[in-house]
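A note on names: the letters A, B, ... follow the listed sequences, proteins ahead of strands, and every chain is numbered from 1. Note that the structure is a prediction, hence the values are computed from the model and not measured.
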There are 2 protein chains.
Amino acid sequence: MNGTNHGHAEDPAAALRQTSLRVTKQRVAVLEAVRDHPHADTESVIRSVRGSLPTVSHQAVYDSLHTLTEVGLLRCIQPSGSVARYERRIGDNHHHLVCRSCGLIVDVDCTVGHAPCLVPSHDAGFRVEAAEVTFWGLCPDCADSGSAADTDRLASSV
Amino acid sequence: MNGTNHGHAEDPAAALRQTSLRVTKQRVAVLEAVRDHPHADTESVIRSVRGSLPTVSHQAVYDSLHTLTEVGLLRCIQPSGSVARYERRIGDNHHHLVCRSCGLIVDVDCTVGHAPCLVPSHDAGFRVEAAEVTFWGLCPDCADSGSAADTDRLASSV
DNA sequence: TGCTTCTTTTGAATCAGTCAAGGAAAGAGC
DNA sequence: GCTCTTTCCTTGACTGATTCAAAAGAAGCA
């Protein structure tokens with residue numbers, strides 16, 4: 001539950017320095033934003049970053065998110081029908097529970113054990129590198145309220 | 001491997017009739033297009049449908065894809081970074097292998113057995129209805145050619 | 001400090017997908 | 001086969017997320 005990355009999970013600047021990336025306040029702010037809002041979409045990250053840096057361009061945030069994802073400091077997830085979302089918990093092969101109704105995303109630990117936690121029944125010659133698991137359902141709140149209306153819509157999409 | 005749906009896998013018109021949907025040539029053509037091009041994106045479906053119906057609007061195809069997905073005749077999948085793709089193999093809880101390099105998608109049967117084939121380690125109070133598994137890797141072709149260049153890019157995104 | 005290279009800003013463009021209104025066609029009943 | 005009602009398709013404009021490109025600005029090395 002503590003720093004899973006390379007021992008720098010809590011210090012964005014240090015994390016950046018360990019890569020060959022320049023340490024800019026924009027990138028630090030993006031890392032902090034994602035740390036503070038797990039599974040945030042780009043829009044939320046921009047809003048959050050502008051809390052400390054009111055003038056950042058959306059482009060800078062897009063660039064940062066891409067770059068940081070590329071070097072492995074962030075992970076990008078995109079459940080069907082959702083925009084890109086980012087998280088800092090990387091390298092532990094965890095998966096996600098997604099609410100079909102409100103879009104809430106919650107982490108779940110690997111179903112079986114260690115990565116790769118799953119092996120396809122046949123791999124069609126692929127060099128398989130990772131398994132990504134998304135559990136679809138209803139979060140507690142949505143399951144309680146309006147479960148009838150939702151259930152209809154859901155039956156068909158499974 | 002044969003008709004998995006309700007015994008009408010090969011006859012689009014019959015499949016439509018079993019739902020309460022009207023049998024229009026546009027919908028039949030969309031079903032045929034997806035049957036003939038599994039995992040096709042909307043753009044490809046449009047192109048394919050226009051082979052037999054040169055004047056269909058893209059809107060008609062979008063509508064048909066949505067409607068057919070809603071009634072369960074199609075399934076929509078959207079691997080991260082990809083546009084929506086559709087397939088007709090439904091109800092058998094199979095999963096997908098996706099090539100990170102060229103985007104090729106291949107079906108794989110359910111890893112463990114029957115649906116729901118996976119149960120999260122803890123469900124955070126969710127009412128879990130389905131597990132979607134995506135295996136990421138390199139298809140045989142991409143693994144052969146230019147594997148060095150790709151490997152770099154990939155190492156970071158797992 | 002000065003220089004080089006990488007980043008960010010600015011502003012416009014692209015692309016998938018959606019909205020809305022009117023015309024067209026499917027299917028039910030006669 | 002004909003008519004009516006309801007559902008579906010066409011047209012054309014629009015939205016929202018993301019990307020492109022050029023020029024200005026900062027980071028880090030010598």
Side-chain angles (χ1 to χ4, degrees), chain A residues 12-34 39-50 52-71 73-74 76-86 103 157, chain B residues 12-34 39-50 52-71 73-74 76-86 103 157:
Chain A
L16 281 167
R17 226 165 273 122
Q18 290 204 4
T19 69
S20 46
L21 293 178
R22 289 188 179 170
V23 179
T24 67
K25 41 187 189 303
Q26 290 86 344
R27 284 175 178 165
V28 170
V30 165
L31 280 173
E32 285 172 347
V34 175
H39 311 127
D41 60 12
T42 311
E43 182 59 30
S44 312
V45 174
I46 293 175
R47 261 204 312 278
S48 173
V49 168
R50 285 188 176 153
S52 48
L53 299 171
T55 61
V56 270
S57 61
H58 75 158
Q59 189 61 49
V61 175
Y62 272 101
D63 278 353
S64 299
L65 288 171
H66 285 176
T67 310
L68 295 170
T69 301
E70 230 163 71
V71 300
L73 290 180
L74 293 181
C76 174
I77 56 177
Q78 282 181 270
S80 291
S82 167
V83 296
R85 290 167 178 278
Y86 295 85
S157 47
Chain B
L16 281 168
R17 225 166 273 119
Q18 290 204 4
T19 69
S20 47
L21 293 178
R22 290 193 177 166
V23 179
T24 67
K25 39 188 189 302
Q26 291 87 346
R27 284 174 179 165
V28 169
V30 167
L31 280 174
E32 285 171 348
V34 175
H39 312 128
D41 60 14
T42 310
E43 182 59 30
S44 312
V45 174
I46 293 176
R47 261 204 312 278
S48 173
V49 168
R50 285 188 175 151
S52 48
L53 300 171
T55 62
V56 270
S57 61
H58 77 157
Q59 189 62 48
V61 175
Y62 272 102
D63 278 353
S64 299
L65 288 171
H66 286 176
T67 310
L68 295 171
T69 301
E70 231 164 70
V71 300
L73 290 180
L74 294 180
C76 174
I77 57 177
Q78 284 181 268
S80 291
S82 167
V83 296
R85 289 165 179 279
Y86 295 85
S157 47

For Q18(B) and dG27(C), what is the distance between atoms CD and C1' respectively, to the nearest whole Å?
-> 18 Å
Minimum side-chain heavy-atom gap R27(B)-T67(B) below 4.5 Å | yes
In whole angstrom, give the distance that lies between atom CG of L65(A) and atom C1' of dT8(C).
-> 14 Å
Write down the atom of S64(A), the atom of V30(A), and the distance for their closest heavy-atom approach.
-> CB-CG2, 3.9 Å
To the nearest angstrom, the CD1-P distance between I77(B) and dA16(C) comes to 17 Å
Residue among V34(A), L31(A), D63(A), T19(A) satisfying side-chain contact (heavy atoms from CB on, under 4.5 Å) with L68(A) = L31(A)
Which heavy-atom pair separates S44(B) from A40(B) by the least distance, and what is that distance?
-> CB-CB, 4.0 Å
Tell me: CZ of R17(A) to P of dA27(D), nearest whole Å?
-> 12 Å
Are any non-hydrogen side-chain atoms of V56(B) and R50(B) less than 4.5 angstrom apart?
-> yes
Which of these, I77(B), D41(B), T42(B), sits in a side-chain contact (heavy atoms from CB on, under 4.5 Å) with Y86(B)?
-> T42(B)
In B/S/- notation (B base, S sugar-phosphate only, - none; protein heavy atoms under 4.0 Å), nucleotides 8-18 of chain D written 5' to 3' is SSBBB----SB
